[in-house]
Amino acid sequence: MNVLVTGGTGYIGSHTCVALLQAGHTVVILDNLFNSKREAVGRIEALGGKPVRFVQGDMRDSALLGEIFAAQTIDAVIHFAGLKAVGESCAEPLEYYGTNIGGTVTLLEAMRAGGCKTIVFSSSATVYGGQNPSPFREDMPIGQATCPYGSTKIYIEQILRDLSAAEPDWHISLLRYFNPAGAHASGLLGEDPNDIPNNLMPLISEAALGKRSELVIFGSDYDTPDGTCIRDYIHVLDLADGHIKALARAAATQGCETFNLGTGKGLSVLELVHAFEAATGVKIPCRIGPRRPGDIARCYADTTKAEQTLHFVCTRSAEDMCADQWRWLTAGKE
């Protein structure tokens with residue numbers, strides 16, 4: 001298939017592009033490079049063994065999207081593009097609603113005009129909010145996110161369900177994934193954001209490299225065994241594999257389906273720190289700070305549906321995740 005990947009030079013998008021190329025697909029990347037780098041394209045091509053078409057631009061640019069769909073047949077879209085920081089979304093909600101929701105609507109309009117009605121959407125476990133107990137199941141009620149970022153995912157999911165109900169010939173997969181971490185096992189591709197990192201693994205990494213004096217752990221008084229937040233950390237390569245399986249399922253199935261992509265197991269912040277130390281031999285200096293707005297105590301997946309329907313099972317451990325991350329940090333950059 002010819003697949004358009006929005007946000008394809010970003011962390012998850014770039015690893016998914018490699019998996020797409022390795023699976024025999026042709027890839028077109030649309031990215032405005034707001035939080036990624038142009039150099040990722042060359043790494044994607046080197047690891048995937050095939051060239052990609054890269055278009056620098058914004059998904060809110062309807063004219064540009066029209067040009068992309070007119071230039072070649074696009075069979076499917078994997079939609080990653082958007083703003084994603086929980087804390088930032090609380091401070092800048094209008095930017096998040098305008099970019100994430102407005103951009104998605106513009107993309108869907110361009111898809112329909114271009115005759116493409118297959119989309120895999122990058123959603124998030126944040127849609128489950130604070131009212132549902134872990135492990136989260138796809139049939140749980142959503143609609144009470146703890147931050148504007150989570151709200152944008154809820155609204156986009158509803159837009160896609162409404163679209164599917166109104167136009168049944170759409171093929172839509174909503175992927176709610178949890179906490180991606182790690183890097184490509186080659187050390188050539190990993191998370192390389194332009195802004196200040198917000199996710200735990202990059203923060204641990206900066207502390208390990210001495211780029212920050214310590215890792216600040218946001219809260220140690222949660223209702224968990226060690227008091228720190230529990231999350232479902234999934235290796236980014238497992239997550240990329242899940243997108244390939246979801247794309248195949250969506251292409252063959254009309255309607256709108258939702259899947260969790262995670263390991264089904266929770267690790268606390270301190271447990272991930274200890275796993276990183278064990279995998280690398282580097283001691284991470286830590287300090288307990290105040291809770292971060294929007295965080296919940298526990299967030300991990302029930303993976304039964306993805307296992308049974310997509311035949312998706314994670315194969316990489318937390319130790320693999322940490323070792324691959326360290327390889328990327330110490331040897332992966334040009």
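Values reported hereafter were calculated over all heavy atoms of this structure, with side chains retained and with hydrogens, waters and symmetry mates removed. What you see is a predicted model, and the numbers here were worked out from it, not measured in a lab.
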Would you say the side-chain atoms of [X] pair up with the backbone N or O of [Y], donor to acceptor, closer than 3.5 Å?
X    : Y    : value
D324 : H184 : no
K153 : S122 : yes
T104 : N100 : yes
T9   : S36  : no
H79  : F121 : no
N199 : P202 : no
N260 : F136 : yes
N35  : G10  : no

Do [X] and [Y] have side chains that get closer than 4.5 Å, going by heavy atoms?
X    : Y    : answer
T304 : Q308 : yes
H171 : S164 : no
R176 : V127 : yes
L247 : M1   : yes
D320 : L237 : no
I217 : R287 : no
I29  : I44  : yes
C322 : M201 : yes

For residues [X] and [Y], is any side-chain donor paired with an opposing acceptor at under 3.5 Å?
X    : Y    : answer
D58  : N32  : yes
T73  : N2   : no
E88  : Y149 : no
R137 : Y128 : no
W170 : E167 : yes
S205 : Q325 : yes
T258 : E138 : no

What heavy-atom pair brings [X] and [Y] nearest, and what distance separates the two atoms?
X    : Y    : answer
T118 : M111 : O-CE, 3.5 Å
V27  : C17  : CG1-SG, 3.8 Å
A110 : L65  : CB-CB, 3.6 Å
P148 : S89  : CG-O, 3.2 Å
C314 : D238 : CB-OD2, 3.5 Å
C116 : V77  : SG-CG2, 4.2 Å

Out of curiosity, [X] [atom1] to [Y] [atom2], how far, rounded to the nearest 0.5 Å?
X    : Y    : atom1 : atom2 : result
L200 : N179 : CG    : CG    : 8.5 Å
E92  : L94  : CD    : CG    : 9.5 Å
I154 : Q144 : CD1   : CD    : 8.5 Å
S151 : Y96  : OG    : OH    : 12.5 Å
L107 : R112 : CG    : CZ    : 12.0 Å
R212 : E214 : CZ    : CD    : 9.5 Å

Lys/Arg-Asp/Glu bridge criterion (N-O < 4.0 Å) met for [X], [Y]:
X    : Y    : result
R316 : D241 : yes
E45  : K50  : no
R291 : D221 : yes

Would L33 and F54 count as a side-chain contact (heavy atoms from CB on, under 4.5 Å) here? Give the steps.
CA-CA 11 Å; L33 302 181; F54 173 69; 3.9 Å; yes
How about [atom1] on [X], more than 12 heavy atoms from neighbouring residues, nucleotides or ligands closer than 6.0 Å, or not?
X    : atom1 : value
K265 : NZ    : no
D139 : CG    : yes
F218 : CZ    : yes

Going by side-chain hydrogen bond (donor to acceptor under 3.5 Å, both in side chains), name the pairs with one or both residues in residues 10-22, residues two or more places apart or in two chains.
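As it turns out, there is no side-chain hydrogen bond (donor to acceptor under 3.5 Å, both in side chains) pair with a partner in residues 10-22 once direct neighbours are skipped.
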Hydrophobic cluster membership, with links at side-chain heavy-atom distances under 4.5 Å among I/L/V/M/F/W/Y: are [X] and [Y] in one?
X    : Y    : result
F178 : I230 : no
V216 : Y222 : no
L175 : V313 : no

Pairing residues for Y300 by the ring-ring contact (aromatic ring centres under 6.0 Å, His included) criterion, not counting sequence neighbours
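Not a single residue meets the ring-ring contact (aromatic ring centres under 6.0 Å, His included) criterion with Y300.
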Could you go through the side-chain contact (heavy atoms from CB on, under 4.5 Å) check for I12 and Y177 one step at a time?
CA-CA 11 Å; I12 305 170; Y177 43 79; 3.5 Å; yes
Quick one, L160 with Y155, criterion side-chain contact (heavy atoms from CB on, under 4.5 Å). Give me CA distance, side-chain angles, the key distance, then yes/no.
CA-CA 9 Å; L160 289 165; Y155 298 147; over 6 Å; no
Are F312 and H243 an aromatic pair by the rule of ring centers under 6.0 Å?
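Ring-ring flag for F312/H243: false, centres at least 6.0 Å apart.
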Worked check of side-chain contact (heavy atoms from CB on, under 4.5 Å) between I119 and L108:
CA-CA 9 Å; I119 183 170; L108 292 170; 4.0 Å; yes
Side-chain donor-acceptor pairs under 3.5 Å in residues 271-279, sequence neighbours left out?
{"from": "E271", "atom 1": "OE1", "to": "S268", "atom 2": "N", "distance (Å)": "2.8"}
{"from": "H274", "atom 1": "ND1", "to": "L270", "atom 2": "O", "distance (Å)": "3.2"}
{"from": "E277", "atom 1": "OE2", "to": "I284", "atom 2": "N", "distance (Å)": "2.9"}

Of T26, L21, V3, V18, which is the lone residue that meets side-chain contact (heavy atoms from CB on, under 4.5 Å) with V52?
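Exactly one option meets the side-chain contact (heavy atoms from CB on, under 4.5 Å) with V52, and it is L21.
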Would R161 and E157 count as a salt bridge (Lys or Arg N to Asp or Glu O under 4.0 Å) here? Give the steps.
CA-CA 6 Å; R161 282 190 289 269; E157 282 197 12; 3.1 Å; yes
